[in-house]
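Worksheet: one structure, shown below.
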Amino acid sequence: MLTYGFRIGMLLVISLLVSNPCLGGALDVFDGQKGTVKIAGGTAHIPVMKEAAKRIMTRNKDIVITVAGGGSGVGIKQVGEGLVDIGNSGRQAKPEEVEKYGLKMFKWAVDGVGVVVNPANPIKSLTKDQLKRIYAGEIDNWSTIGGTDHAITIYTRDEASGTRAVFWGKALDKGEIVTSALFVPSNGAMKTAVANDPYAIGYVSVGHMDETVAPVALDGVTPTLETVKSGQYPIARGLYSNTKGDPTGLTKLFIDYLLTPEGQQIAAENGFIPVK
Amino acid sequence: MPSKDALAKSVFLCCAIASAAIILAILGFMVALGIPLFRESTFSAIWFGPWAPHRGAYGIWAMICGTFWIALLATIICLPLSLGMSFVIASLGGRRIRKLLGALVQFMTGIPTVIYGFVGIFLLVPLIRQGLGGPGMSVLTASIMLAILISPTMILFFTDSLLAVNTAYVQAAKALGANRVQRLLYVMVPRALGGMASGFILALGRALGDTLIALMLAGNAIRAPQGFLEPARTLTAHIALVKAADFDSMEFRSIFACGITLYLFTVLATIAVRMMARERVAVS
């Protein structure tokens, strides 16, 4: 127990030593500030939001930043209704949403949406046509496309998901999704589901991919940071933080921070492509 | 003194009226907010049609089926477990076992739902997938977890109503030479039936109303299940998934149709079981 505590202590000291010199500039503006910022919405955004919030709150104990999920639809709705200060979305807000709520959108990163399977699955490459037919339920066994003889378990996301909107529009070309597909409520839940099911296929934000799931190349292009950045991998979207009207006070400082070199660095470290 | 009594009476009456009014107000609220959907679409399309929002179909039949399958299967699994458990706690077990099991059940009421969901995902889902086939997230998976979740409600109600039976009856039966099992089955159970029925409704209500277990374990597919190993979506999970949709969209309005349906189920279940219990009491 002692060594554990000691280790955490050391980590804290090291992280302070390492991070402070380079953060100095970007975090200066938060000195002397006080108050709370409530953030909700897109689940792809969460790791970046949490890291930014952690750095700001470590610097200034008087600031409280809460980060919740819910999906892009929730983000837009809650910020529009004034329930949160920043509503994240993994898609552009629709024109009627912008008009109704007076939303201001801030795009701070680009993210790919990649098809994933269980690491134990031998299939690591699909054509777009195969993918569409799998999601439409026409191909329902892995053996049809050279895998093991077992039914394919299709995972998808609910209608409010920005990740789903991009995947459905750009990967499936708005094609049918079979009604037996299983629904999971977040990027994290998708990863857990696919990681635990050897016959699963699903899709997650490229920033969320790790070794628990295996990316699937689509028409020969594997979804990675590089291929999304170069535009070779076409299923990509902007990550937005939205506010109701022009942001003010802490909310403005937070969004500005996301767009500083340091904020962009956090986005890059979490697997997203910085916009600056 | 009478004025104090009258005051207390009116205060409690106000409380009772308020809670009844809230329940009615909720129904009114759901109907009012659901009106745009009912205008746009027919009742039968909403209740019996398919769910395909991009084609303008907002039917919740698959979710109604999912709710029924999961809630009924959960109570069917739960009922014998709870009967056995409450019989042991209320009469058949030794003093130590009764105390131990009673404490265990009370402890179970305190476990948060999400813990059951979590255990289900990492333990039960792979087990069902490997052992019985299917995608693992299924009606059966959710029902088993749900049965465990609602069992404390049933057990506590069963036990309490068994123990509330007038001891004079039990003593009389004992004097007539009835053994423990006979006293339980022929004296305590018939007398406790009303309370046990309430416990059953409450547990069924919890099963109908629980969101997280089905959301995490049932797979949420938008198709009426054809078997126990198929995925299903409950009305509650549907509400949780769709509530994020645009406020003015028809998807969002369909939530109120789900709400009204759930409301009616609960009312019907309550009325049915109450009538059953009344008949039994009248007969005995």
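To find a chain, count down the sequence lines: A is the first, B the second, and so on, and within it residues start at 1. Atoms considered below: every heavy atom in the structure, side chains included; atoms not considered: hydrogens, waters and symmetry mates.
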Query raised in the report: So which of Asn196(A), Ile152(A), Thr192(A) has the largest heavy-atom pair count under 4.5 angstrom toward chain B?
Result: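 Counting heavy-atom pairs under 4.5 Å, the top option is Asn196(A).
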
Query raised in the report: Heavy-atom count around Lys124(A) NZ within 6.0 Å, excluding the residue itself: above 12?
Result: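 Buried by this count: over 12 neighbours within 6.0 Å.
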
If I measure from the heavy atoms of chain B, does [X] come under 4.5 Å with its side chain, its backbone, both, or neither?
X         : answer
Thr153(A) : side chain
Ala151(A) : neither
Glu176(A) : side chain

Query raised in the report: Between Thr127(A) and Asp129(A), do the side chains contain an N or O donor and an N or O acceptor separated by less than 3.5 Å?
Result: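 Result is no, nothing qualifies.
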
Report task. Classify the side-chain pair Tyr155(A)/Asp197(A) by whether it contains a donor and acceptor separated by less than 3.5 Å. Result ->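 Their side chains do contain a donor-acceptor pair, which is all the 3.5 Å distance test asks for.
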
Requested in this report: Calculate, to the nearest 0.5 Å, the distance between atoms CZ and OG1 belonging to Arg164(A) and Thr156(A) respectively.
Outcome: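 Rounded to the nearest 0.5 Å, the CZ-OG1 separation comes out at 4.5 Å.
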
